[in-house]
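In what follows, a single structure is set out as structure tokens and then discussed.
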There are 2 protein chains.
Amino acid sequence: MAAFTSKDVARIAGVSQSTVSYVMTGKRPISEPTRRRVLDAMAQLTYEPHSGARALAGRRTQVVGLVVRFGVGGETFGLLPFIETIASSARAHDHDVLLVTADEGSAGLRRLAGRALCDAIIMMDIEEQDERVPVAAALSVPVVLIGVPADPAGLHCVDLDFEAAARMAVDELADTGHDEIVVVGYTAAAMERGLNFVVRVLRSVREHGQVRGLPLTVIEPVERGREAIAKVADQLLARRTGGRLGVVVPHSDTIVPLLNALRKRDVVPGRDISLIGLSTDREAEQSDPPYTNVSGEPRDVSRRAMETLFWLLDPTSGVERPAIDLVAPRLTRRTTVMPTPSN
Amino acid sequence: MAAFTSKDVARIAGVSQSTVSYVMTGKRPISEPTRRRVLDAMAQLTYEPHSGARALAGRRTQVVGLVVRFGVGGETFGLLPFIETIASSARAHDHDVLLVTADEGSAGLRRLAGRALCDAIIMMDIEEQDERVPVAAALSVPVVLIGVPADPAGLHCVDLDFEAAARMAVDELADTGHDEIVVVGYTAAAMERGLNFVVRVLRSVREHGQVRGLPLTVIEPVERGREAIAKVADQLLARRTGGRLGVVVPHSDTIVPLLNALRKRDVVPGRDISLIGLSTDREAEQSDPPYTNVSGEPRDVSRRAMETLFWLLDPTSGVERPAIDLVAPRLTRRTTVMPTPSN
DNA sequence: CGAGTTCGTCGATACGCATCGACGACGCGC
DNA sequence: GCGCGTCGTCGATGCGTATCGACGAACTCG
């Protein structure tokens with residue numbers, strides 16, 4: 001691996017270095033015989049262009065910056081599918097992915113753009129009030145947000161439509177004849193952090209509960225751990241005063257423990273109580289029992305984000321993208337919602 | 001963000017461009033007043049060096065390539081802690097992380113090295129026979145493997161000491177007076193893929209079971225999903241013919257479902273049967289019930305891998321690193337192993 | 001007090017590629 | 001048969017940084 005240069009390729013192919021470059025970029029016509037000689041020479045040397053030189057001369061890096069937040073306590077809301085989708089989408093466009101953690105805050109963003117480390121940035125886990133958003137908006141490279149802050153500052157956002165998801169859950173419970181709804185919130189830390197989607201779901205469920213005329217309670221905050229979940233289960237049972245109680249659990253990490261806690265109390269979801277979770281279909285299917293859920297596939301969201309990103313990099317390459325792109329959720333009925341009473 | 005250059009900094013500071021460079025690298029002495037003027041100018045312009053130019057001239061990128069395998073079916077063995085640790089360790093050394101997925105195979109490696117995209121590579125999820133290992137060994141940049149292939153080809157490897165972990169589990173069961181051991185294997189796909197650690201654990205448990213004179217059965221393959229786990233539970237109960245049965249579960253994904261299945265059958269781990277899992281402590285603690293486990297913290301492994309990597313990048317910077325670096329596991333007793341009978 | 005050092009700075013160059021302007025070889029129309 | 005546009009290629013230049021050799025100044029030591 002002696003690290004060949006385009007000059008080496010040129011020499012072997014018997015052409016000038018610039019011709020080699022034009023073969024690669026296609027920015028000028030090259031005759032078929034010449035092109036072939038050049039390609040052969042490249043193959044023979046297993047030539048790879050030096051990315052640094054390319055970035056310097058061509059002012060583009062073929063790298064996408066990805067800013068992720070690793071949960072402090074390991075609470076990483078299914079981060080992996082996002083990352084995976086972004087990585088493979090980037091590769092499909094001949095780009096690579098540079099990973100930056102969110103705990104660098106705005107400094108990471110400035111580094112990415114200032115050092116010309118990447119051509120564009122995807123930033124995940126956007127908070128309602130996110131100090132990084134204005135910084136990102138001022139960068140010299142396009143930025144796509146996964147998550148919708150209070151003020152996107154002109155940046156493109158992609159996210160699951162949590163408001164719609166909340167409405168769908170409420171509608172499903174209302175349509176199947178429930179007469180009360182309880183929403184299980186999330187940890188105080190998450191709520192405080194302005195963790196976007198939990199807040200939005202709670203708000204939307206509240207509103208839509210009113211629209212459908214269903215009394216609605218929110219249990220919050222709900223910490224992690226057996227005891228906390230057990231307490232929630234008890235609260236649910238206390239509320240279940242003979243009526244048809246529907247529970248909405250916006251956070252997938254809470255669902256399985258809650259199902260276990262209910263089972264321990266001999267309460268069967270789908271018979272004695274109803275439960276709808278917000279989670280990926282995969283989690284909902286593999287649970288025991290499989291629960292009815294409203295899903296947003298991380299893959300859909302990040303795929304759309306990447307489409308937007310590459311459109312920003314080359315606006316001629318497709319149709320205009322919406323500034324705020326909300327992915328529609330989907331309700332899948334499984335076993336945890338009581339059927340409508342037949343009388 | 002007009003993208004300033006070191007020349008701009010030099011002009012403002014009233015020095016030459018090379019002086020600015022020497023201030024940054026510290027490779028030549030600079031007087032204190034000059035240094036200060038230069039640093040002030042940098043701060044004033046919020047100057048950031050162009051990474052491409054730096055890579056070109058300085059032949060180093062300050063980037064670490066990370067090759068990960070996203071599980072085909074989402075079976076990503078706690079990948080995130082590895083990635084997180086690697087990312088933060090890289091940042092601590094003023095490096096960034098370029099993420100490459102394993103499905104590019106060796107091509108990804110060649111690209112990383114050939115295009116000078118990074119200074120060193122960490123490759124995870126190494127298989128027993130891994131076609132990428134010889135390729136990696138021939139690269140122009142140092143490579144550290146997380147996982148130990150049959151032939152490391154001279155590369156440095158870091159991994160949990162699975163053999164030791166298996167022995168510890170067997171010892172614990174033997175020491176607490178069990179008279180039979182069952183090992184729950186993993187999916188056929190994983191085994192076939194040569195998924196390193198499962199294979200090694202099975203082998204080591206077998207061997208050490210013999211040493212300790214305990215009859216030992218391996219249940220394999222074990223697929224995912226409720227039914228498969230249920231079948232395993234039934235098999236375990238069938239074997240439990242009055243004796244003291246100890247179960248070793250090498251894969252953390254299998255443990256919780258198995259605990260659930262046992263509970264459903266009114267078998268209480270720690271009273272009627274013993275179970276030791278291989279998993280992170282976090283998983284073991286948060287399970288219901290918390291199970292006795294032998295842990296290897298992903299963070300320990302990836303931290304050591306990064307230490308080795310930076311040592312390879314600068315061998316003068318610390319003590320020599322072992323070619324094969326196995327992290328010692330730790331047994332933590334919780335609730336799922338029956339205590340030694342007191343008679 | 002002169003020869004040899006070390007210190008601090010500068011100018012020039014190379015790194016590997018993309019791109020621009022130039023230019024010869026053609027093909028076309030009249 | 002001559003001007004003109006197009007095609008295909010080349011040489012030269014610039015991108016922003018690191019580094020090397022040089023050089024004056026200050027300092028050391030005999």
Side-chain angles (χ1 to χ4, degrees), chain A residues 1-39 41-42 45-63 94 111 113-119 140, chain B residues 1-39 41-42 45-63 94 111 113-119 140:
Chain A
M1 290 299 168
F4 294 107
T5 74
S6 59
K7 207 176 287 181
D8 297 319
V9 175
R11 191 167 31 74
I12 293 199
V15 298
S16 75
Q17 180 267 324
S18 59
T19 299
V20 174
S21 188
Y22 285 121
V23 168
M24 301 186 68
T25 66
K27 293 197 177 175
R28 283 201 184 169
I30 298 289
S31 71
E32 195 47 37
T34 304
R35 146 186 249 85
R36 184 144 303 286
R37 286 212 315 283
V38 170
L39 292 177
M42 284 178 170
L45 297 181
T46 64
Y47 165 75
E48 297 267 6
H50 187 287
S51 62
R54 188 175 266 209
L56 184 56
R59 51 188 71 190
R60 95 193 66 161
T61 60
Q62 306 281 97
V63 169
D94 196 30
R111 190 158 43 82
R115 297 196 175 180
L117 280 164
C118 61
D119 299 332
S140 52
Chain B
M1 293 299 169
F4 293 106
T5 74
S6 60
K7 207 176 289 181
D8 298 318
V9 175
R11 190 166 32 73
I12 293 199
V15 299
S16 75
Q17 180 269 323
S18 58
T19 300
V20 174
S21 188
Y22 285 122
V23 168
M24 301 186 66
T25 65
K27 293 197 176 173
R28 282 201 185 170
I30 298 289
S31 70
E32 194 47 37
T34 304
R35 146 186 247 87
R36 183 146 303 282
R37 286 211 315 284
V38 169
L39 292 178
M42 285 178 166
L45 298 181
T46 64
Y47 165 74
E48 297 267 5
H50 187 288
S51 62
R54 196 177 263 215
L56 183 56
R59 52 188 71 189
R60 92 190 73 151
T61 61
Q62 305 280 97
V63 169
D94 196 31
R111 190 159 42 84
R115 298 197 174 180
L117 281 165
C118 61
D119 299 332
S140 52

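A, B, ... follow the sequence lines: proteins, then strands. Residue 1 opens every chain. The figures that follow rest on heavy atoms only: side chains count, while hydrogens, waters and symmetry mates do not.
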Problem set entry | Whole-Å gap separating C1' (C:dC17) and CG (A:Asp8) | 13 Å
For this session: Would you mind reading off the distance between B:Arg54 atom CZ and D:dA18 atom P, rounded to a whole angstrom?
Result: 5 Å
Exercise. Does A:Val38 reach the side chain of A:Val15, with side-chain heavy atoms less than 4.5 Å apart?
Worked result: yes
Exercise. Does a side-chain N or O from A:Lys27 land closer than 4.0 Å to OP1 or OP2 of C:dT19, or not?
Worked result: yes
For this session: For B:Arg35, answer base if it contacts any base atom (sugar-phosphate contacts may also be present), sugar-phosphate if it contacts only those atoms, and nothing otherwise; contact means non-hydrogen atoms under 4.0 Å.
Result: nothing
Exercise. Which part of the nucleic acid, if any, lies within contact of B:Val15, taking any heavy atom under 4.0 Å across all strands shown: a base, the sugar-phosphate backbone alone, or nothing?
Worked result: sugar-phosphate
For this session: Would you please confirm or rule out a distance under 4.0 Å between OP1 or OP2 of C:dC17 and any side-chain N or O of A:Ser6?
Result: yes
Problem set entry | Presence of A:Thr5 side-chain N/O under 4.0 Å of C:dG16 phosphate oxygens OP1/OP2 | no
Problem set entry | N/O (side chain, B:Ser31) to phosphate O (OP1/OP2, C:dG8) under 4.0 Å | no
Problem set entry | Whole-Å distance separating the CD atom of B:Glu32 from the P atom of C:dT9 | 10 Å
Exercise. Just how far, in rounded Å, is P of C:dG16 from CG of B:Leu117?
Worked result: 15 Å
Exercise. What is the distance, rounded to the nearest whole Å, between atom CE of B:Met24 and atom C1' of D:dT17?
Worked result: 9 Å
For this session: Would you indicate which nucleotide in C:dC17, C:dG8, C:dA14 comes nearest to any side-chain atom of A:Pro49?
Result: C:dC17
Problem set entry | Minimum heavy-atom distance between B:Ala53 and A:Leu56, given as atom pair plus value | CB-CD1, 3.7 Å
Problem set entry | Over 12 non-hydrogen atoms of neighbours within 6.0 angstrom of CZ in A:Arg60 | no
For this session: Find the distance A:Arg59:CZ to D:dT13:P and express it as a whole number of Å.
Result: 19 Å
For this session: Flag the pair A:Met42 / A:Met24 as yes when at least one side-chain heavy-atom distance between them is below 4.5 Å, and no otherwise.
Result: yes
Exercise. Counting only distance, no hydrogens or angles, is the base of C:dT19 paired donor-acceptor with the side chain of A:Arg28 under 3.5 Å?
Worked result: no
Seminar exercise, completed: Closest to the side chain of B:Leu56, out of C:dG16, D:dA18, C:dA18, is C:dG16
Seminar exercise, completed: B:Glu48 atom CD is separated from D:dC15 atom P, nearest whole Å, by 20 Å
Problem set entry | Separation of D:dA12 P from A:Lys7 NZ (nearest whole Å) | 12 Å
Exercise. Does the side chain of A:Tyr22 get closer than 4.0 angstrom to OP1 or OP2 of D:dG11 through an N or O atom?
Worked result: no
Problem set entry | Among C:dA18, D:dG8, C:dC15, the one nearest A:Gln17 by side-chain distance | C:dA18
Exercise. Would a 4.5 Å heavy-atom cut-off, applied to side chains only, mark A:Thr5 and A:His50 as touching?
Worked result: no
For this session: Considering just the side-chain nitrogens and oxygens of B:Ser18, establish if one lies under 4.0 Å of OP1 or OP2 belonging to C:dC10.
Result: no
